[in-house]
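Below is one structure, written out as structure tokens, with a few remarks after it.
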Amino acid sequence: MTPCNNLGVRFVLHMSDNRCIYLDNAATTKVMDEVSEAAVYAMTEVYGNPSSLHRLGIDAERLIAYSKKQIMSALGVTSEQGEIIFTSGATEGNNTAIFGIAETYGKRRKRVVTTTVEHPSVEKAFDRLEEKGFEVVRVSPDENGEITAESLFEAVNENTCLISAMLVNNENGYVLPIGEAFQRIKKRYPDCFTHCDCVQGFEKIPISQKKLSADVITVSGHKIHAPKGIGAMFIRKGVRLSPLMVGGGQQKGIRSGTEPVPLIYAFGKAVEILNANLAERYNHATEINNYAREKLSGIGAVILSGVSASPYVLSIAVPNIKSETMLHFLEEKNIFVSSGSACSKGKTSDVPTEFRVPEKYLDSIIRLSFSYETSENDIDTLAEAVSDGMKNLAKIRK
Ligand code: PMP
């Protein structure tokens, strides 16, 4: 089906029916109806520039203030404790946090610490710091595939200006002991700044900025049923970040550029809706995850995510079948999963090896990631399809 939009541009409608089983929510999510309505409202009714002094500008500013309040409340902070700065997403947020801190505070203290399981937007920022002469320490999981608070703490010394580590790993849902590690680090080295990429934890597991002891937190809208192209950073009062871009000085000069009010308002709406039922959704994800573990191990898949991982992500291996082969086999049946992480398209990720996944499974990893819409029926259909794939694709291999 190739419909035409009114600009005459042809596009292919892949999902003409809505009956697909979408199990790739860690890559991105479907926008909620109320959230897209909020975006349209801001686009069509509150279209003023928030920097304008007239009423339309002030109304737009109010929508931004609403969204800031939602995000602050979700992180358990108040405006006395710090700022919310909107970005284009977590890639920009992570870059701003890492380069911003390194530039402001890394003139003399040249040591920076991260882990070997970060998203590329953190990993590559640290590679660049290394090229600029920083001493980069990368903490790896131990022989059990665990990153301990102790190992993060031990990596920091008096010469360290920054530690950046994620809360929930995007490939397998592993939850890092950030609160324990950062609290110990802040107590012993109060001058070391702490940054946490909370993208896969935000609105999924309870997050408290205080418990995390994070000076800077980054989150992203499109992982929580808001549109793509919007993210936010919490920046604790007193932390000075040099901006990546210069311009009109919006958002305290940390992120110049006219604020995308429709995206910001939509993001705030999503946070408000999801924050009201975080616990119910968590329980639902836990049930789905447990059900999937049982069903899929029952048909011979190998469960790679640990039991204490975030219930929203389940990494499995289907022995002897390449990830992409299985992914496309499932796609034919309208089931959408991921091979490892979507961010590593065309490039294999080192993260499973870091987490000690046995070599024989490395080519066969499938990531399933759930939402409040995922049902046990979806998992039944998935398990049947995977089982089918194991029979048919194994035959092709012979
Ligand atoms: N960090 C993590 C842990 C992620 O999963 C992602 C998205 N894959 C990002 C950062 C980047 O977020 P964005 O797509 O908003 O730039």
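Start at 1 and go down the list; that is how both ligands and their atoms are numbered.
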I'd like to know whether CD of Glu294 has more than 12 heavy-atom contacts from other residues, nucleotides or ligands below 6.0 angstrom. no
Ligand-side contact atoms (ligand 1) for residue partner Gly89, heavy atom cut-off under 4.0 Å: 15 (O)
Winner among Thr91, Asn94, Thr28, Val117 once heavy atoms are compared against atom 16 (O) of ligand 1: Thr91
Please determine if Glu354 and Arg138 form a salt bridge, counting it only when a charged side-chain N lies under 4.0 Å from a carboxylate O. no
Glu332 atom CD, neighbour heavy-atom count above 12 within 6.0 Å: no
Does a sphere of radius 6.0 Å around NZ in Lys107 hold more than 12 heavy atoms from other residues, nucleotides or ligands, not counting ones at 6.0 Å or beyond? yes
Mind checking whether Glu92 contacts ligand 1 via backbone (N, CA, C, O), side chain (CB onward), both or neither, at a 4.0 Å heavy-atom cut-off? neither
Taking the inter-plane angle between the rings of Tyr41 and Tyr265 on a 0 to 90° scale, is it parallel (under 30°), tilted (30 to 60°) or perpendicular (over 60°)? tilted
Residue portion contacting ligand 1 (non-hydrogen atoms closer than 4.0 Å) for Lys228: neither
The atoms of ligand 1 lying under 4.0 Å from a heavy atom of Lys223, numbered in the order shown, are 5 (O), 6 (C), 7 (C), 8 (N)
In ligand 1, which numbered atoms sit nearer than 4.0 Å to a non-hydrogen atom of Asp197? 1 (N), 2 (C), 3 (C), 10 (C)
Is a donor on one side and an acceptor on the other found under 3.5 Å between the side chain of Glu171 and the backbone of Arg367? no
What part of Ser121, side chain from CB on, backbone N/CA/C/O, both or neither, has a heavy atom under 4.0 Å from ligand 1? side chain
Does Lys110 NZ have over 12 foreign heavy atoms under 6.0 Å away? yes
Give the atom numbers and elements of ligand 1 that come within less than 4.0 Å of a heavy atom of Met166. 3 (C)
In ligand 1, which numbered atoms sit nearer than 4.0 Å to a non-hydrogen atom of Ser220? 13 (P), 15 (O)
If the cut-off is 4.0 Å to any non-hydrogen atom of His222, which atoms of ligand 1 fall inside it? 13 (P), 14 (O), 15 (O)
